[in-house]
Protein chains: 2
Amino acid sequence: MTDQDTHLVLERLLRLRDRREPLVAQIAEWVGAGIIEGRLEAGQDLNSVDLSRRFDTSRTPVREALMLLEQEGLVEMKARRRPRVAAPSLQDIRDIYQVRKNLLAMLAGLLVERASDEELTELRTRVERMRKLADDGDVDSYFWSHVLLQERMTEIVGNPTLKQILDSLALRTLMLRHLSLTRAGRLSYSVDDQERLLQACEERDGELASALIAGATVRAQRAVEEQLEQDATARGRKPVRRRRAAD
Amino acid sequence: MTDQDTHLVLERLLRLRDRREPLVAQIAEWVGAGIIEGRLEAGQDLNSVDLSRRFDTSRTPVREALMLLEQEGLVEMKARRRPRVAAPSLQDIRDIYQVRKNLLAMLAGLLVERASDEELTELRTRVERMRKLADDGDVDSYFWSHVLLQERMTEIVGNPTLKQILDSLALRTLMLRHLSLTRAGRLSYSVDDQERLLQACEERDGELASALIAGATVRAQRAVEEQLEQDATARGRKPVRRRRAAD
DNA sequence: GGGTGAGATAGTGTCGACACCGTTGCATTG
DNA sequence: CAATGCAACGGTGTCGACACTATCTCACCC
């Protein structure tokens, strides 16, 4: 999985194709990728003057790109204040995972109902490739394959509204998940989860599939929280980079 | 419920307070209210030149307001094409209600878990007022009270992510619901649903509350679909104003 | 007469400018 | 020395202008 692919995935998750000018898309992809990869850290200033200089454009397309990322929860904008990289609180993260868990359970149920055998075979192929990546410890490739897998599932289910919401929640968790997947052992747990989920789908057991994906989500959340905890203690007494009190 | 109140509700649903300049907020509220009230009909041209003339501003804040409404699904924008009032297909509507049903069930479960007795009393008062409005046949007031009731419930549950998604879905269904609630008998059915839901909450029966709200959502969807069908046949042979083939 | 294409029309995307406001650093005061 | 006020700086929101392009109109052709 190259940088090029990263941008292609982001282009789809942000629904940039045909919806925005290439210039805006380019900026949104660069900033979005930066946030997810951790190149831009939470709370960091994203003022439109600097960005417009970097891309050698005026501030108008920069503002538009930032507004796109704001709606996906990656950027925080308040009127007359400088935009910043979003810094979700622990509570925010829990809320997001709670909703995500619920919607993924719904997705699994629909997948069991609607996926054709051919589509399940395709998903099976994907998971097998992910198993390989996990065994090789190729975190980055695994990470994006995971994103692609869920994207493909939402496509198969064919509810664009659901897909859009799940994509948005996925983006919010992506910066966190990138951390959490690097935790020792997470990769193999994760791929186990995917295999069990797919098996339940093949057996057309909607209840089980929903329960499995919900469980996997809870485990992902736990891994994220542990990683945050660890980061916090490693960073000194400063507990967690938290939202400003001024809010 | 006056026009003033309508705009206040929209201001909250669109999260305009502190997030956008008053000028942008004003435009977004006017257009949003117009779409919901049916003053602007589905598919109608929303070019930024006309709007900027109407509000005596430049096109910049107009574009920003339209982007806000696009993310809420009220407006469709494609690059280099004129923005239009969204025209969801029947399938889109079904998809939206499907997701909404699921999330409202989640909301009901959380409400049972988390609402204090005082908060339930407050909700009870609201529903009683709605009963009165329904008996009086005051469709508009009932309509907005209904919106407020659900907004309050999401606040009580205290999951901002969930609230934001439900608000967005609510906006999408609002233009439809306005139609559907005018159908004879819908008002009293609707208020019955709300009363049963609240009773289940008071009895702390999460399963029942979830089932009730899901059922109510399905009934609301059915009413919308019947109304659309009726409009379509009344409008001649042209079946349903559908999305352009050009997409 | 219906389809085709060139020209006219009109709206979008982007730009640089400017007024206004949030922020920062410093001097002043208790 | 900490707190407060002020002034310079820097960024945001809005504007009008302009190039580019989707759309409309109408003459032209078969």
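Note that this is a predicted model, so its numbers are computed, not measured. Just so it is clear: chains get the letters A, B, ... in the order the sequence lines come, proteins before strands, and each one is counted from 1.
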Between the protein and nucleotides 16-23 of chain C, are there any N/O to N/O pairs under 3.5 Å, and if so, what are the atom names and distances?
none

Whole angstroms only, please: what is the [atom1]-[atom2] distance between [X] and [N]?
X     : N      : atom1 : atom2 : result
A/L23 : D/dA19 : CG    : P     : 18 Å
A/L68 : C/dG13 : CG    : P     : 12 Å
A/N47 : C/dT24 : CG    : P     : 12 Å
B/L51 : D/dT14 : CG    : P     : 15 Å
B/D45 : C/dG11 : CG    : P     : 8 Å
B/K78 : D/dT23 : NZ    : C1'   : 15 Å
A/E21 : C/dG11 : CD    : P     : 18 Å
A/L46 : D/dG10 : CG    : P     : 19 Å

Could you tell me whether [X] and [Y] make a salt bridge, using a distance below 4.0 angstrom between a side-chain N and a carboxylate O?
X      : Y      : result
A/R126 : A/E119 : no
A/E72  : A/R172 : no
A/R222 : A/E226 : no
B/R82  : B/D45  : yes

Donor-acceptor contacts under 3.5 Å from residues 158-165 of chain B side chains, at least two apart:
from, atom 1, to, atom 2, distance (Å)
B/N159, OD1, B/T161, N, 3.1
B/N159, OD1, B/L162, N, 3.1
B/N159, ND2, A/D95, O, 3.3
B/N159, ND2, A/Q98, OE1, 3.0
B/K163, NZ, B/D167, OD2, 2.9

Going from CZ on B/R17 to CG on B/L14, what distance comes out if it is rounded to the nearest 0.5 angstrom?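 Going from the CZ atom of B/R17 to the CG atom of B/L14 covers 13.0 Å.
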Under 4.0 Å, counting only non-hydrogen atoms across every strand here, what does B/P22 touch: a base, just sugar-phosphate, or nothing?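 B/P22: no heavy atom of the nucleic acid under 4.0 Å.
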